[in-house]
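Have a look at the structure below before the remarks.
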Amino acid sequence: MKVIKLREGKERSLLRRHPWVFEGSIAKGKADFGETVRVESAGGDFLCWAAYSPSSSIKLRAWSFDEAERIDAAFFERRIAAALAYRARLAIDSNGQRLIHGEADGLPGLIVDRYADTLVAQFLAAGTEAWKGAIADALLAATGLTRLFERSDSGVRQLEGLTPVKGWVRGEGATEVELHESSWKLKLDVAEGHKTGYYLDQRDNRREFARWVRQLGAQRVLNCYSYTGGFSVAALAGGATDVTSVDSSGPALARATEHVTLNGFNPAHHQALDADVNATLRGFIKEGRQFDAIVLDPPKFAPSAAHAERASRAYKDINRLGLRLLAPGGLLCTYSCSGGVGPELFHKIIAGAGMDAGIDAYIVDRVGAAPDHPQTLVFPEGEYLKGLLVMRR
Ligand code: SAH
């Protein structure tokens with residue numbers, strides 16, 4: 001077993017159970033791609049077992065802080081069992097669930113979503129790539145399923161020196177699946193959809209949106225960055241009769257249109273707009289249109305804190321326009337999935353947008369990702385999705 005020794009004082013974050021070690025913290029030691037190593041402090045104390053990433057600036061990702069633990073197939077079985085036990089306690093009202101959420105589930109560099117009878121995984125770091133076979137077997141055994149599709153076509157793999165991979169790891173067949181969320185049906189293709197196919201992290205926020213639409217009697221609803229129309233279906237379920245989905249992806253909008261009829265709603269109550277959101281919002285303001293409820297769920301504008309300033313301007317822009325389109329008493333549900341923009345900064349951005357728009361609003365809720373995308377106390381980096389629900393005064 002190879003030993004990696006840290007520089008003096010660099011053991012502190014591992015002692016707090018934070019799982020990453022950056023290049024600059026290492027005094028000596030090297031290992032092969034994904035190899036399990038023993039990590040020691042400058043004084044020679046055991047710190048953790050970790051996976052070595054030769055190409056990444058995150059050189060080590062901790063598997064375990066328990067010296068007696070062995071990193072083998074049984075280790076992955078235990079971690080997966082613990083992750084599933086947590087989900088079972090959440091009583092999630094959907095057959096679409098995030099089963100493994102990386103660091104928060106003690107499996108850095110692994111994302112696994114379940115869509116009905118199909119598992120979809122992203123192997124995003126050297127360690128999980130090296131253990132792919134054992135992880136795949138453990139996942140199927142723990143869930144009793146037979147199909148695992150890999151969507152390791154995310155850009156972050158490049159940092160690990162890995163090329164994109166997409167295809168079946170176990171099982172085969174059609175990649176289209178039907179998801180049941182709340183009382184709605186949503187179709188997706190695990191080979192073609194964004195990320196692993198769908199945005200499960202917004203599940204609870206879509207359900208809450210339906211509730212708000214009903215409570216407010218909102219009729220005119222604008223769903224910006226709609227993807228396949230999850231929030232639009234929620235709006236129709238809440239009783240809205242004039243719902244507009246805006247997205248720049250044609251295939252996503254085709255799905256949104258399909259979802260309206262699949263769920264038995266009147267197609268005349270829904271319009272799909274293949275357009276840029278910013279331009280659409282400006283156009284609607286010129287036309288004097290107003291909405292009773294608006295969703296702004298843009299893609300990640302700030303992948304890291306370094307992009308926070310530019311991203312802040314982009315968030316402020318769309319939120320200023322969105323607020324201007326709200327009818328009095330109307331609700332804006334605005335989200336950011338940028339890890340680089342924290343909840344406090346996001347709040348500030350929306351406040352600035354309101355100031356510029358000359359509009360004040362009540363904050364009626366502050367929300368995050370659904371709890372099957374857990375945040376843990378030791379890993380604050382895990383927080384990414386945040387949302388504010390504001391009601392125009
Ligand atoms: N709210 C969705 C997820 C949104 S993901 C859900 O609940 O499922 C972000 C979406 O923004 C993607 O579908 C992407 O195609 C779209 N998008 C990105 N840039 C855009 C732009 N400038 N104008 C319109 N849509 C955009």
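Atoms within each ligand, like the ligands themselves, are counted from 1 in listed order.
Evaluation of the side-chain hydrogen bond (donor to acceptor under 3.5 Å, both in side chains) test over residues 221-231, restricted to residues two or more places apart or in two chains, returns N223-S232.
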message = Working note: F76 + W63, criterion ring-ring contact (aromatic ring centres under 6.0 Å, His included); need CA distance, chi angles, decisive distance, verdict.
response = CA-CA 10 Å; F76 291 99; W63 287 133; 5.1 Å; yes
inquiry  = Before you tell me yes or no, could you show the steps for S248 and D276 under side chain to side chain donor-acceptor pair (under 3.5 Å), namely the whole-Å CA-CA distance, both residues' side-chain angles and the distance that decides it to 0.1 Å?
reply    = CA-CA 6 Å; S248 55; D276 171 64; over 6 Å; no
query = Hey, mind stepping through Y199 and F231 against ring-ring contact (aromatic ring centres under 6.0 Å, His included) and telling me if it holds?
reply = CA-CA 11 Å; Y199 292 88; F231 279 101; over 10 Å; no
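Near ligand 1, residues H194, Y198, Y199, R206, Y225, S226, Y227, F231, D247, S248, S249, A275, D276, V277, D297, P299 come within 4.0 angstrom through at least one heavy atom.
The pair E344-K348 does not count as a salt bridge, with every side-chain nitrogen at least 4.0 angstrom from each carboxylate oxygen. With salt bridges taken as basic N to acidic carboxylate O contacts below 4.0 Å, one links D137 and R170.
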